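These numbers were taken from a predicted model, which means no experiment stands behind them. First listed ligand is number 1; within each ligand, the first listed atom is number 1. Values below: all heavy atoms of this structure, side chains included; hydrogens, waters and symmetry mates excluded.
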Amino acid sequence: MKREAKDVKVLLSRQFPERGIKILRQEGYGVTVWDKDRPMTQKELIENSRSHTALFCTLSEKIDKVFLDECSHLDIISQFGVGYDNIDIYQATRRGIPVGNTPGVLSDATADVAFGLMISVSRKMGYLHKSILRGDWNYFRPNANLGIELKNKILGLFGLGRIGLEMAKRCRGAYNMEIIYHNRSRNSEAERETGAKYVSFNDLVQSSDVLSVHTSLNQETTGRFDKKVFDMMKPSAIFINTARGQIHNEEDLIHALDNGIIWGAGLDVTNPEPMLPSNRLLSMENVMVLPHIGSATVETRNKMAELAALNIKEFYRGKDIPNLVNPEVLKTG
Ligand code: GLV
């Protein structure tokens with residue numbers, strides 16, 4: 001869409017890296033940054049969006065039918081993040097609103113977190129760090145604090161896109177792990193690069209020594225890891241989730257860990273977020289939880305901000321949006 005730069009008004013739903021904001025200002029757009037030390041309520045988001053033409057937001061903003069009914073005037077929504085399950089894409093598309101996101105640039109950083117969680121859980125690093133604080137480091141005990149090794153083990157990927165591929169490469173390179181995966185479609189690049197083998201969901205669950213989730217949240221994946229699935233896993237297995245907390249059932253995961261049905265879990269995502277400090281998972285020996293930091297590096301967050309700004313800039317310059325989530329919108333527009 002062409003709109004004169006002076007008429008473009010972008011609302012940023014919180015403080016984002018300056019690099020992205022700079023791109024928008026350099027275009028001559030009006031830019032408003034929500035600078036309070038808390039996210040906007042949905043009511044505030046709606047009210048503030050009314051006087052803007054574009055919204056630059058992130059995963060905890062609820063861009064649902066209620067919001068879109070009130071803000072159907074928006075020209076574009078640009079999401080700072082790769083996942084966009086917070087946005088009702090169907091409703092946005094119906095209203096002719098293109099939605100952009102920031103894939104690719106966060107794959108390495110997120111795979112690093114999955115890989116780090118895997119190692120940390122296998123050696124109980126989080127729990128043992130805390131044991132020093134409790135005064136439990138008394139003397140060397142050969143049979144205590146034992147972890148398990150990862151060399152030559154089987155990595156199962158639930159979802160093999162860009163982030164899954166980076167995780168596969170790390171596990172293959174560092175530990176010669178065998179890679180199996182289950183995905184909506186085959187990923188021949190990953191098969192070629194890492195020797196990954198496509199398997200059924202049940203095979204994935206039953207054969208993995210480490211099962212790492214790298215899929216988007218959708219109807220098929222919500223609650224996919226429940227008691228029935230944990231019951232099928234190896235008692236020595238480690239479950240890793242850096243995608244979305246709603247993909248596993250937390251109570252069922254706690255039950256599986258408590259009862260030795262699986263060995264450990266590493267989570268960068270929880271349901272709900274933030275996780276309460278009293279959550280049982282935080283005191284478990286073979287569990288490591290992080291506060292959704294997958295993309296949280298200086299380099300990656302800068303690139304995400306640039307990409308999210310670029311989606312808006314290219315759109316207003318009348319060019320293709322570099323990362324458009326709902327290309328169908330072009331037909332309705
Ligand atoms: C983070 O979770 C993202 O989707 O970018």
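- We find that R172 and E193 are not joined by a salt bridge, their nearest charged nitrogen and carboxylate oxygen being 4.0 Å or further apart.
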Take E220 and R224, measure what salt bridge (charged side-chain N to carboxylate O under 4.0 Å, His left out) needs, and give me the verdict at the end. CA-CA 7 Å; E220 279 165 50; R224 190 75 196 261; 5.6 Å; no
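- Looking at E189 and R192, no side-chain N of the basic residue comes within less than 4.0 Å of a carboxylate O on the acidic one, giving no salt bridge.
- Listed by first and then second residue, the salt bridge (Lys or Arg N to Asp or Glu O under 4.0 Å) pairs involving residues 245-263 are D258-R280 (not counting sequence neighbours).
- For residues 289-310, the salt bridge (Lys or Arg N to Asp or Glu O under 4.0 Å) pairs, not counting sequence neighbours, are R19-E306.
- Using a 4.0 Å heavy-atom criterion, the residues that approach ligand 1 are L59, G81, V82, G83, L106, R244, H292.
- Under the salt bridge (charged side-chain N to carboxylate O under 4.0 Å, His left out) criterion, D226 pairs with no residue, sequence neighbours left out.
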